[in-house]
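Worksheet for the structure shown next.
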Number of protein chains: 2
Amino acid sequence: MEEILPAFDSAFSIDCLIFGFDAGELKILLIERNEEPFKDWLALPGYFVKQDESLDDAADRILYELTGLRDLPMKQFHTFGEVNRHPQGRVVTVGYYALIRINGQKELRPISPYARKAIWRSVNDLPKLAFDHSEIFSKGFRIIRKRLNYQPISFDLLPEKFTLTQLQGLYEAILNKKLDKRNFRKKMLSYGFLKELVEKQKGVSYRAAKLYKFDRRKYAKIFQSEMTA
Amino acid sequence: MEEILPAFDSAFSIDCLIFGFDAGELKILLIERNEEPFKDWLALPGYFVKQDESLDDAADRILYELTGLRDLPMKQFHTFGEVNRHPQGRVVTVGYYALIRINGQKELRPISPYARKAIWRSVNDLPKLAFDHSEIFSKGFRIIRKRLNYQPISFDLLPEKFTLTQLQGLYEAILNKKLDKRNFRKKMLSYGFLKELVEKQKGVSYRAAKLYKFDRRKYAKIFQSEMTA
DNA sequence: TTTAATGGTGTAATTTTCACACCTTATATT
DNA sequence: AATATAAGGTGTGAAAATTACACCATTAAA
């Protein structure tokens, strides 16, 4: 191959915003860095892209190496390219996000030595993060929150079987406001992608709620235009 | 600075999707390449980012050098990172877009020798473009079209004074469907950011239409939440 | 004066959104 | 067994937004 690319001291990286939902709180997955710079700081799971892998592939690999999570349906949300965002050189980073089920995941265990551990932290209680990761988080969260107004995206955050109250709690956590119970239920059910189960909630000390499942088939049919973009 | 970045043969670039509107047609700005690879092909205006400039700064500079257009309010829409998208090495490119007034622009004149000229082409009649630019165009156009459903973004595409019919024609060109005249007018006027002028259209051989101006102040007030994200 | 072309306007039906309160059911406690 | 606790579950009316729909007015050119 001819060498015509500019000879830069630069690289690109991926940073991942992985949202989870647990105990009524929206959480995000962070790693404890085990490498300079920002050794011992909390950071978004992120690392350099290799030369022979696409951004999407890199996002999958990097998330796996740093947290043990695999094959999440991650999507790009923004690319960050300020000149001095990385102390050791020019690094442009592509932000990816996914929304997942916390409890559906086995133990989080970093494979790579660059992360000491991976932990969930409430989005309402985040410390200052390494690099410009606090800003990456803010930007990504804003984008995802807005997206929720146009299309329901949150089913991957819940257990497979869930109650309408759980679903509402999730929406409230993301949008950061109270919703009306009757109107919320009416609207969600009207979409037609919730499948009512015979089964009921168990182990609660009050009236057990009906459980629902998310019907991906119908969801995809309804929102296919949004999904292709 | 310590050298710790991976020593890759790689670079990042910017590609710009500049939309214009003229004679009832939505157009896009292309350059005729004057450099290998893809010499003589049509391409999106795009080039490499320098090491000491941010992505946003690079987008401004590159567009200026290739087309003579300056200081457009460009925004990122997606980053493309397939391994073999560039024949000469690993190049990740960040897509930016803007919507502008074709006639408000002085003559388009590339400053850089990399482009022979810059031309407007109808989006409905695009040839195969250099690199993966055809795909970049498709993806960007889809994203922008969808965005139009949530917020009016198109005033920069029209002359300063415009008729409601022109505005409707623009919406129809972007959304690629017919709209109802009365409903469209009612809705647009209800936003409150169109200022009716006393002046009328001139030089038409039929009843002259009222002219309107876009009130940026009011627009910003109404859509500020969308603009900060 | 006629024609061609676009400008400009209103209403009723439908759908969507929003605000709002009470009885029911399951369990735990006494 | 009775009661207390905690959440489950349900409907209606008002207001707002969306949709469908057709005809006369105005201007300049022929």
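Note on naming: letters A, B, ... go to the chains in the order of the sequence lines (proteins, then strands), and numbering restarts at 1 for each one.
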Original post:
Does A/Phe77 have its ring centroid less than 6.0 Å away from the ring centroid of A/Tyr96?
Top reply: no
Original post:
Can you name the closest pair of heavy atoms from B/Phe21 and B/Gly169 and give their distance?
Top reply: CZ-C, 3.7 Å
Original post:
Who pairs with B/Arg145 by side chain to side chain donor-acceptor pair (under 3.5 Å), at least two apart in sequence or on another chain?
Top reply: none
Original post:
Partners of A/Phe38 by ring-ring contact (aromatic ring centres under 6.0 Å, His included), sequence neighbours excluded?
Top reply: A/Trp41, A/Phe131
Subject >> Residues within residues 197-213 of chain A bordering DNA chain C, heavy-atom distance below 4.0 Å >> reply: A/Val204, A/Ser205, A/Tyr206, A/Arg207, A/Ala208
Subject >> Residues B/Asp156 and B/Arg216 bridged, charged N to O under 4.0 Å >> reply: yes
Original post:
Taking only residues two or more places apart in sequence or in another chain, which ones pass side chain to side chain contact (heavy atoms under 4.5 Å, CB included) with A/Glu65?
Top reply: A/Arg61, A/Ser112
Original post:
Taking the six-membered ring for Trp, are the ring centroids of A/Phe214 and A/Tyr219 within less than 6.0 Å of each other?
Top reply: yes
Can you list, pair by pair, the side-chain donor-acceptor contacts under 3.5 Å of residues 193-209 of chain B, counting residues two or more places apart and other chains?
residue: B/Glu196; atom: OE2; partner: B/Lys210; partner atom: NZ; Å: 3.4
residue: B/Glu199; atom: OE1; partner: B/Lys161; partner atom: NZ; Å: 2.8
residue: B/Gln201; atom: OE1; partner: B/Ala209; partner atom: N; Å: 2.9

Original post:
If you round to the nearest 0.5 Å, how far is CZ of A/Arg109 from NZ of A/Lys117?
Top reply: 14.5 Å
Subject >> Span of DNA chain C in contact with chain B (heavy atoms, under 4.0 Å) >> reply: C/dA5 to C/dT11
**OP:** Answer yes or no: is there a donor N or O on one side and an acceptor on the other, between the side chain of B/His133 and the main chain of B/Leu44, under 3.5 Å?
**Re:** yes
**OP:** Within residues 185-194 of chain B, find the residues that approach DNA chain C with a heavy atom at under 4.0 Å, and present them sorted by residue number.
**Re:** B/Arg185, B/Lys186
Subject >> Full working for side chain to side chain contact (heavy atoms under 4.5 Å, CB included) between B/Val49 and B/Leu55 >> reply: CA-CA 7 Å; B/Val49 177; B/Leu55 295 176; 4.1 Å; yes
Subject >> Side chains of B/Leu108 and B/Trp120 in contact at under 4.5 Å (non-hydrogen atoms) >> reply: yes
Subject >> side chain to side chain donor-acceptor pair (under 3.5 Å) partners for A/Asp60, two or more places apart >> reply: none
**OP:** Could you tell me from which nucleotide to which nucleotide of DNA chain D, 5' to 3', there is an atom under 4.0 Å from chain A heavy atoms?
**Re:** D/dA6 to D/dT12
**OP:** Just jot down the side chain to side chain contact (heavy atoms under 4.5 Å, CB included) partners of B/Arg217, sequence neighbours excluded, or say none.
**Re:** B/Asp215
Subject >> All side chain to side chain contact (heavy atoms under 4.5 Å, CB included) counterparts of A/Asp125, not counting sequence neighbours >> reply: A/Arg121, A/Ser122
Subject >> Dot-bracket encoding per residue of DNA chain C, Watson-Crick/G-U cut-off under 3.5 Å, | denoting interstrand >> reply: ||||||||||||||||||||||||||||||
